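Only one structure is covered here, and it is reproduced in the block below.
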Amino acid sequence: MADELVHYAVSGGTATITLDSPHNRNALSARLRGQLSDSLDKAIGDEAVRVIVLGHRGPVFCSGMDLKEAQGAGEQSQGVQEFPSILERIWTSPKPVVAALSGPARAGGVGLVAAADIAVAADTATFAFTEVRIGVIPAIISVTVLPRLNARAAHELFLTGEKFDAKRAAEIGLINAAVPEKDLAAEVERYVAALALGGPSALAATKQLLQGETGTAMPETFATMLATSARFFASEEGQEGITAFAQKRTPNWVPAD
């Protein structure tokens, strides 16, 4: 279907959720967020599903929030209310979630990767926390990203917004493995097969054990981060950064040569 931006399929106990909005680099538009949320609900609610795989079509895994929808938006109308619940569903899902990416992830897309229990990337994939470069902050995704990253890497990459490769993403804990693109499907299948050997109740309880207090505190933390994110998106600086990005120019806060 032309309006289907997220595909859902179940086979052999694995639910595969595929982002398919290549015209905007799989950006987290309102439509895509809604369909992704529905697909996660299906997978989590289906007793036949043992493992969830989150993948993509097109050259980009996910470029983050759809900035066209954020232009001119006020603090109360950022339209990102579903995103924290999507990250929380992935993080707290009783079924293990595997993220598989053969292309770049940016901003909110990195949040999806971090929320998954296991993440595997092609060694050509790249990552970046680009929020500060458009005058906003990685508030919402920090809830899933910061538990994964070592502190030095988090400070460097959150503050600079610089791009980093899959090898470094594995070194700092963001992903589990970086493999040649030709081996990506096999590596994902290896993890899926290993996860399927675990008892469903035991896997769900083990996920809770691993999360400790993080999972129970998540709703309140996300509420705080959502309000913070919305304030920055609606700010003069945030709107200047978003407009500059759309116009392919340098934001007005960058010092002139």
Side-chain angles (χ1 to χ4, degrees), residues 6 8-19 33 35-55 61-62 81-101 105 108-121 140-151 154 169-179 184-226:
V6 177
Y8 179 82
V10 178
S11 177
T14 300
T16 301
I17 299 172
T18 307
L19 308 182
R33 294 195 308 270
Q35 293 178 26
L36 176 55
S37 181
D38 290 345
S39 294
L40 288 168
D41 285 346
K42 284 182 190 176
I44 293 169
D46 186 346
E47 292 185 3
V49 170
R50 299 291 311 285
V51 181
I52 302 169
V53 174
L54 177 61
F61 173 72
C62 178
Q81 303 293 327
E82 311 96 333
F83 192 48
S85 66
I86 287 170
L87 295 180
E88 185 177 356
R89 279 187 183 90
I90 295 172
W91 186 272
T92 62
S93 163
K95 289 104 184 273
V97 180
V98 179
L101 55 157
V110 188
L112 292 175
V113 173
D117 299 288
I118 292 172
V120 186
I140 295 172
I141 67 168
S142 71
V143 181
T144 59
V145 171
L146 291 181
R148 306 296 192 200
L149 265 58
N150 69 55
E171 291 172 349
I172 63 177
L174 180 62
I175 64 174
N176 297 83
V179 299
L184 180 61
E187 185 71 353
V188 171
E189 182 52 40
R190 185 181 74 81
Y191 276 114
V192 168
L195 291 166
L197 295 175
S201 297
L203 287 170
T206 300
K207 280 196 62 169
Q208 291 181 328
L209 181 71
L210 290 166
Q211 290 163 7
E213 297 181 0
T214 305
T216 56
M218 192 166 272
E220 293 79 10
T221 305
F222 268 133
T224 300
M225 293 299 101
L226 179 62

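In this text, all values refer to a predicted model and were calculated from it rather than measured experimentally.
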Between atom CD of E88 and atom CD1 of I86, what is the distance when rounded to the nearest 0.5 Å? 11.5 Å

Of all the heavy-atom pairs spanning V51 and A196, show the shortest one and how long it is. CG2-N, 4.2 Å

Residues in side-chain contact (heavy atoms from CB on, under 4.5 Å) with D38, at least two apart? none

Applying side chain to side chain contact (heavy atoms under 4.5 Å, CB included) to I118 and L195, what does each step give before you reach the verdict? CA-CA 10 Å; I118 292 172; L195 291 166; 4.1 Å; yes

Between L226 and P84, what is the shortest heavy-atom contact and its length? CD1-CG, 4.1 Å

Going by the rule side-chain contact (heavy atoms from CB on, under 4.5 Å), which residues pair with S39 if we only count those two or more places apart in sequence or in a different chain? V6, Y8, I17

Assess whether side chain to side chain contact (heavy atoms under 4.5 Å, CB included) is satisfied between S93 and I52, documenting all intermediate values. CA-CA 9 Å; S93 163; I52 302 169; 3.9 Å; yes

If you compare all heavy atoms of A105 against all heavy atoms of V110, which two are closest, and at what distance to 0.1 Å? O-CG2, 3.5 Å

Supply the atom-to-atom distance F83 CZ to S37 OG, rounded to the nearest 0.5 angstrom. 11.5 Å

Keeping T14 on the side-chain end and V10 on the backbone end, is there a donor-acceptor pair under 3.5 Å? no

Would you be so kind as to tabulate the donor-acceptor pairs closer than 3.5 Å made by side chains of residues 185-194, with sequence neighbours excluded?
residue: E187; atom: OE1; partner: R190; partner atom: NE; Å: 3.2
residue: E187; atom: OE2; partner: R190; partner atom: NH2; Å: 3.1

Of all heavy-atom pairs linking G111 and T144, the shortest is O-OG1, 3.2 Å

Applied to residues 196-207, the salt bridge (charged side-chain N to carboxylate O under 4.0 Å, His left out) test, sequence neighbours excluded, yields D117-K207

Taking side chain as C-beta onward, heavy atoms only, is L19 less than 4.5 Å from C62? yes

Rounded to the nearest 0.5 Å, the CD1 atom of I175 sits from the CG atom of L101 at a distance of 7.0 Å

To the nearest 0.5 angstrom, please state how far the CG atom of L40 sits from the CZ atom of R89. 7.0 Å

Would the distance check show the side chain of K95 and the main-chain N or O of D46 forming a donor-acceptor pair, the cut-off being under 3.5 Å? yes

Close side-chain approach of F61 and V113, heavy atoms under 4.5 Å: yes

Kindly give the heavy-atom pair with the smallest separation between L174 and A119, and that separation in Å. O-CB, 4.3 Å

Evaluate side chain to side chain contact (heavy atoms under 4.5 Å, CB included) for L87 paired with V143, printing each intermediate quantity in order. CA-CA 9 Å; L87 295 180; V143 181; over 6 Å; no

Considering residues at least two apart in sequence or located in another chain, which fulfil the side-chain contact (heavy atoms from CB on, under 4.5 Å) criterion with Q208? none

R50: which residues meet the side-chain contact (heavy atoms from CB on, under 4.5 Å) condition with it, sequence neighbours left out? P200, L203

CD of E82 to CD of Q35, rounded to nearest 0.5 Å, is 11.5 Å

Calculate, to the nearest 0.5 Å, the distance between atoms CG and CG belonging to L36 and L112 respectively. 6.5 Å

